Amino acid sequence: MLHRSLMRNAYRQCRVKPSCSKAGSNLTLRGRPGFFTRGFRTTSCLGFMDSQDSEATSGSKRSESQEVLEQCSRLYDSLTSVNDRLGGVAISSPTDRGTKLPYVLLVGNHSSGKSSFINYVLQRNIQTAGVAPTDDTFTVIAPGAEDKDSDGPTLVGDPDMGFASLRQFGPTLIHHTQLKQRDSHLDFMLVDSPGMIDAPVNLNQKGNNAMDRGYDFPGVVRWLAQRADIVMLFFDPDKPGTTGETMDVLLRCLSGMDHKLIIILNKADQFYKIHDFARAYGSLCWNLSKVIPRKDLPPIYTMSLPNDQNQTSTLAESLRDLEHTRDEVVQQVMQAPKRRIDNVITNLFDSTSMLILYSKIWNDVITRFVKEWRSCRLQEAGWSLIGGVGFGGLNYLSMDPMLQGGVFGGSILSIGALFWYHQTYLQRMQDDLTSMEALSSSFQRTHARQVHDADEFTASLYQRSRASLQTALKNEFASGGKLPTVSESEMQRLQSILDDEIPKLRRLANDAR
């Protein structure tokens, strides 16, 4: 998501349509040098519009898209007041919702073709490519008026770029990031990541290799992937059966991002026989099935990049559709600015749904605790009243002062013991209410219909939120302050955003295309 201050610069939809090929009535990108910087026209491919009409239409579309983004920003800001009262962890901070420009994140094994793909898209040798690992940094490639390189501290310290939150991963990461500004007609960024090592990783042991790079590499990938508009995962024929760091990243960092994930089996021109291709493709599908718990795997784009060397593979000569697949992938990459608006609305929907679920469980836990707290205080008040009435009665009847003193002292001790018992009981109840078992029970009570209907989306929201919810509740109880809840009117407003406002934004976004 983007903060309102960045929204006005986020969606620079000054996109123009690529030149077209009428073969088969499909638009295809021509893979010749200079295509990406010179192959765009401001006129319609079919000649229905002149340049002025096209520019006017483009400006209108930009205005509509800007309106959608600003509405999303206002709605997200309305969520933050509720989120702040509930520990501030249900949804992301309003100052950490996106980058200045849309961007595409490239991850994959070393020598899988990430850097070569970037060079191909920009038609310039920007990244160093090679068989062995050639780069150990996260490189942000952004459009600029002139070519300029900046180090990690400059990138992270720039308040306009939107990468300031990377500081949480420590100075080692900051010194392993860099910014490359290049003169380009693209209106989005490309983020290249270090090649992942095919080293054994114990997926069942948390933190086993989390810091073997000097920083939390999976955490950084997830941070970037959550904010990216497109995530490209590269494999190559030499390592299609990876079970190490790549699979760990796919399992832990890219889960829940299927809507923007593009899986690529690159360098398909290296196969000499169809049998080799079948084995590599089958091996990749087999290993992906281990970390993607679905019967139907996402599409795998098989492609290759132009190579100056002579092609000796007979298979490459027969697979002419590799070029078409490559062009299709490039087309998807070029849609990153348009996908930014879809991702912003999707994130708003996800955040609103998460906050509603979070609020219902929070209210249930707090309400149950407050009910017990009031019961304990009423008992203490009742015993205090009984003790006071008893002591007053003895004093009124002028009973023996020793007896009065004994009754008074006994009452004080009894009330003190009761208060101590209640404090211990309430502390134990706080621990019980914030246990995972109790939170699961609260989830089942507050979402009985979704549980009965086996709603997988609601279940996934709970799985993602329960750890932060548990921490926030424990911190709230430990603070000893007033326990806040979400009012009925606020819950209705959140539901209205989900049921009414977001569908309107979807329609506006469709009209702005």
Side-chain angles (χ1 to χ4, degrees), residues 10-21 26-41 65 98-108 112-127 129 138-144 180-193 221 224-236 254 257-268 298-306 321-344 346 513:
Y11 192 79
R12 306 188 312 166
Q13 192 184 356
C14 53
R15 298 274 294 111
V16 289
K17 296 185 178 181
S19 55
C20 303
S21 171
N26 292 324
L27 300 182
T28 60
L29 301 179
R30 299 190 178 99
R32 60 177 180 268
F35 160 75
F36 295 100
T37 56
R38 299 194 300 269
F40 293 101
R41 300 176 181 173
S65 301
T99 54
K100 179 179 181 180
L101 293 175
Y103 71 87
V104 178
L105 174 65
L106 296 87
V107 294
S112 58
K114 303 186 302 297
S115 298
S116 298
F117 183 81
I118 291 175
N119 295 338
Y120 174 74
V121 168
L122 297 175
Q123 291 294 295
R124 298 181 59 182
N125 289 325
I126 296 176
Q127 293 293 85
F138 286 90
T139 303
V140 178
I141 303 167
K180 294 183 178 181
Q181 291 179 303
R182 294 295 182 266
D183 183 14
S184 170
H185 291 175
L186 300 182
D187 51 353
F188 60 91
M189 300 182 291
L190 297 166
V191 179
D192 195 8
S193 61
V221 172
L224 291 169
Q226 287 175 333
R227 292 153 180 80
D229 298 282
I230 297 175
V231 180
M232 306 181 71
L233 180 60
F234 282 79
F235 294 92
D236 67 295
L254 302 182
M257 303 184 191
D258 300 18
H259 62 289
K260 57 183 177 182
L261 180 63
I262 301 177
I263 300 177
I264 297 170
L265 178 59
N266 198 18
K267 301 183 179 181
I300 300 174
Y301 292 88
T302 304
M303 70 174 210
S304 63
L305 297 174
D321 61 339
L322 292 179
E323 294 182 4
H324 298 292
T325 303
R326 180 185 67 225
D327 292 342
E328 183 180 354
V329 171
V330 172
Q331 280 185 319
Q332 294 196 44
V333 170
M334 303 301 286
Q335 294 298 313
K338 292 185 178 180
R339 294 188 64 167
R340 166 57 62 97
I341 190 171
D342 292 330
N343 291 333
V344 168
T346 298
R513 294 186 189 280

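If you're wondering where the values come from, they're calculated on a predicted model, not measured in any experiment.
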Response to the item:
CG (D236) and CD1 (I264) are apart, to the nearest 0.5 Å, by 12.0 Å
Worksheet item: What residues, two or more places apart in sequence or in another chain, satisfy side-chain contact (heavy atoms from CB on, under 4.5 Å) together with A228?
Response: Y103, L105, V231
Worksheet item: What are the two closest heavy atoms between D192 and I118, and how far apart are they?
Response: CB-CD1, 3.6 Å
Worksheet item: Nearest heavy-atom pair of L101 and M189: which atoms, and what distance?
Response: O-CE, 3.4 Å
Item to complete: Please report the C-alpha distance between D342 and H259 in whole Å, then the side-chain angles of each, then the deciding distance to 0.1 Å, and finally whether the side-chain contact (heavy atoms from CB on, under 4.5 Å) criterion is met.
Response: CA-CA 10 Å; D342 292 330; H259 62 289; over 6 Å; no
Worksheet entry | Sole candidate of L106, V191, L122 that passes side chain to side chain contact (heavy atoms under 4.5 Å, CB included) when paired with I141 | L122
Worksheet item: In Å, rounded to the nearest 0.5 Å, how long is the span from CD1 of I262 to CD of Q332?
Response: 4.0 Å
Discussion item. Checking the side chain of K260 only, and the main-chain atoms of V104 only, is there a donor and an acceptor separated by less than 3.5 Å?
Written reply: no
Item to complete: Mind listing the closest non-hydrogen atom pair of S304 and N266 along with its distance?
Response: CA-OD1, 3.7 Å
Fill in: Side-chain donor-acceptor pair present, K114, Q127, cut-off under 3.5 Å
no
Worksheet item: K267 and G113: which non-hydrogen atoms are nearest, and at how many Å?
Response: CE-N, 4.2 Å
Discussion item. Please find the pair of heavy atoms, one from Y120 and one from Q123, that lie closest to each other, and give the distance.
Written reply: O-NE2, 2.6 Å
Worksheet entry | From L265 atom CG to T302 atom OG1, the distance as rounded to the nearest 0.5 Å | 5.0 Å
Worksheet entry | Heavy-atom closest contact (F117 atom, L305 atom, distance) | N-CD1, 3.5 Å
Worksheet item: Roughly how far apart are F188 CZ and I230 CD1, rounded to 0.5 Å?
Response: 7.5 Å
